[in-house]
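Note that the numbering runs from 1 along the sequence shown for the chain. Side chains are part of it too, since the values below use all heavy atoms of this structure and drop only hydrogens, waters and symmetry mates.
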Amino acid sequence: GVKALAHYFIGYHGGEQPATPEDGKALMGKWMAWVKDLGPAMINPGTPLGPSTTVGVEGASEGFENALMGFSVVEAQDMDSALKIAQSCPHLLMKGATLQVAEMKQMPSG
């Protein structure tokens with residue numbers, strides 16, 4: 001049978017901000033083209049996140065090592081397909097930027 005497509009989380013980490021506002025606009029343009037090119041495979045194009053706080057049993061402290069800056073959700077056949085999508089993401093054009101890719105599992109019901 002045909003395997004149902006799964007949703008994959010793509011988390012954005014790090015990356016030096018573009019040097020000029022023009023560079024920033026150019027990068028955003030590339031990112032928007034990437035989103036558009038993916039068409040219906042792009043489930044959630046992007047959710048930017050503010051600064052992170054680390055929470056533990058002792059309490060909370062500002063900051064988080066290699067904090068998540070935002071995320072997208074894509075639909076793909078398998079992890080290899082999701083990785084190909086991620087590798088074409090313009091976020092990776094920023095120096096030091098990385099992406100985290102993980103399958104979004106369904107919670108068991110009942």
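- Take Thr47 and apply the side-chain hydrogen bond (donor to acceptor under 3.5 Å, both in side chains) test, not counting sequence neighbours, and it matches Asn44.
- For Ser88, the side-chain hydrogen bond (donor to acceptor under 3.5 Å, both in side chains) criterion is met by Trp34, not counting sequence neighbours.
- When side chains are defined from C-beta on, Trp31 counts as touching Pro45, because their heavy atoms get closer than 4.5 Å.
- Among the candidates Ile85, Val35, Ile43, the single residue satisfying the side-chain contact (heavy atoms from CB on, under 4.5 Å) test with Val74 is Ile85.
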Would you list the atom pairs, donor with acceptor, under 3.5 Å between side chains in residues 89-102 and any protein atom, with sequence neighbours excluded?
from	atom 1	to	atom 2	distance (Å)
His91	NE2	His13	O	3.1
Gln100	OE1	His13	NE2	2.8

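- The heavy-atom pair separating Val55 from Ala60 by the smallest distance is CG2-CB, 4.2 Å.
- In this structure, the separation between CG on Asp37 and NZ on Lys30 is 13.5 Å, given to the nearest 0.5 Å.
- His7 pairs with exactly one of Glu103, Met104, Gln106 by the side-chain contact (heavy atoms from CB on, under 4.5 Å) rule, that one being Met104.
- Closest heavy-atom contact between Gly24 and Pro18: N-CB, 3.5 Å.
- When the shell of 6.0 Å around CE of Met32 is examined, it contains 12 or fewer heavy atoms from other residues, nucleotides or ligands.
- The line from CG of Leu49 to CE of Met69 is 9.5 Å long, rounded to the nearest 0.5 Å.
- No continuous path of hydrophobic side-chain contacts links Leu27 to Ile10 [ILVMFWY only; heavy atoms under 4.5 Å].
- Between Ser72 and Met42 there is a side-chain heavy-atom pair separated by less than 4.5 Å.
- To the nearest 0.5 Å, the span separating CZ on Phe9 from NZ on Lys105 amounts to 15.0 Å.
- Residues Tyr8 and Ala82 approach most closely at CG-CB, 3.4 Å, considering heavy atoms.
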